Every structure is written in structure tokens, then in C-alpha cells.
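For reference, the structure discussed in these notes is given below.
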Amino acid sequence: MTTNTSPSVSERAQLARKGKEDDTRYSDAALTPPVDVIEDSGGITLYADLPGVSRDKLGLHVASDTLTIEAESDLSVPEGLESSHTEVGLGRFRRVFTLSKELDTGNISAELKQGVLKLRIPKAEHAQPRRIEIQAS
């Protein structure tokens with residue numbers, strides 16, 4: 001599996017400093033969520049950290065051999081309060097993966113719990129380990 005990432009942290013910081021003329025480009029920027037991928041004999045399990053993301057603001061798309069995770073967080077300042085310091089002002093996440101042909105993209109399961117997305121992508125039947133019977137002659 002390979003990964004394509006969005007603009008780096010330093011690129012996003014530069015965009016934020018450039019001013020009004022780059023506002024549209026900055027609005028397209030997204031954070032790259034940290035991901036753990038665990039492979040076993042039956043497939044892979046992917047864990048993505050998406051703090052503040054609700055199920056209705058999460059998009060998962062598979063096209064051909066490409067998996068895309070897109071999300072927006074609901075990290076808003078409560079009414080009547082003003083933020084004096086914000087470390088993560090950008091509430092958008094995006095990550096793209098190229099999946100192996102050995103994976104069965106038609107049977108992906110997804111679960112979002114406490115800001116962690118868990119995806120289970122099983123191996124295709126032709127890629128599953130199997131025992132071969134030996135015929136005696």
C-alpha cells in the first residue's frame with residue numbers, strides 16, 4: 001500500500017501567512033491524519049486518528065485501487081468565548097492510499113469510535129492462504 005499526502009505542515013503555515021490572495025488555496029488544504037496499518041493473513045486493518053470528526057462529516061471512497069479518507073472536524077469555540085491560541089485551526093483531513101490488488105475492496109468495513117476510524121479490508125479470496133491437498137497415486 002502506498003500513500004499520497006496533502007500539503008505539509010510547513011506548506012500550510014506558509015499558506016496561512018501569505019494573506020488574502022491565497023485564501024482559496026488555503027481553504028483546499030487538509031491535515032494528513034496519522035495512520036497505523038496492521039496486516040494479518042486475512043487482510044489489513046487501518047486505524048486513522050480523526051479527532052473531533054463525527055460520522056456525518058466523514059467520507060470514505062474507493063475507486064479502482066484508490067482509497068480516499070476525507071473528513072471535517074467539529075472543533076468549534078463555544079458561544080460567548082474567544083480562542084486566544086489555536087494549534088489546530090484547520091479542521092479538514094484527507095489521506096489517499098493505493099491498495100494492493102490482493103485486497104477485496106468490495107467488502108471493506110468501517111467503524112468510527114472516539115475519534116479513531118477503523119477500516120478492515122479483507123484479502124481477496126485468490127490471495128487468501130490455502131492448504132493444497134496432495135493426491136496419493
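Bear in mind the structure is a predicted one, so any value in this text is a computation, not a measurement. Positions are given from 1 along the sequence.
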- When you look at Ile69 and Phe97, which way does the side chain to side chain contact (heavy atoms under 4.5 Å, CB included) test go after all the steps? CA-CA 9 Å; Ile69 301 171; Phe97 298 91; 4.0 Å; yes
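- For the side-chain contact (heavy atoms from CB on, under 4.5 Å) test, residues two or more places apart in sequence or in another chain that qualify with Ser83 are Val77, Thr86.
- Of the possible donor and acceptor atoms, one in the side chain of Arg95 sits under 3.5 Å from a partner among the backbone N and O of Pro33.
- With contacts defined as side-chain heavy-atom distances shorter than 4.5 Å, the pair Leu67/Thr98 does not qualify.
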- Query: When you look at Leu117 and Val35, which way does the side chain to side chain contact (heavy atoms under 4.5 Å, CB included) test go after all the steps?
  - Reply: CA-CA 9 Å; Leu117 172 65; Val35 170; over 6 Å; no
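- Each side chain to side chain donor-acceptor pair (under 3.5 Å) pair with one or both residues in residues 42-52, not counting sequence neighbours, appears once here: Thr45-Arg120.
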- Yes or no on side chain to side chain contact (heavy atoms under 4.5 Å, CB included) for Ile38 and Ile44, after CA distance, side-chain angles and deciding distance? CA-CA 6 Å; Ile38 300 167; Ile44 64 169; over 6 Å; no
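- No side-chain heavy atom of Leu99 sits less than 4.5 Å from a side-chain heavy atom of Thr66.
- Distance alone, capped at 3.5 Å, is enough to place a donor-acceptor pair between the Ser100 side chain and the Glu102 backbone.
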Name the atoms and distances for all side-chain donor-acceptor pairs under 3.5 Å in residues 103-111, with sequence neighbours left out.
from   : atom 1 : to     : atom 2 : distance (Å)
Asp104 : OD1    : Gly106 : N      : 3.2
Asp104 : OD2    : Asn107 : ND2    : 2.5

Would you be so kind as to tabulate the donor-acceptor pairs closer than 3.5 Å made by side chains of residues 51-62, with sequence neighbours excluded?
from  : atom 1 : to    : atom 2 : distance (Å)
Ser54 : OG     : Asp56 : OD1    : 2.5
Ser54 : OG     : Asp74 : OD2    : 3.3

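- Hydrophobic clustering (ILVMFWY, side-chain heavy atoms < 4.5 Å, transitive): Val116 and Leu112 are in distinct clusters.
- Residues satisfying the salt bridge (charged side-chain N to carboxylate O under 4.0 Å, His left out) test with Glu70, not counting sequence neighbours, are Arg94.
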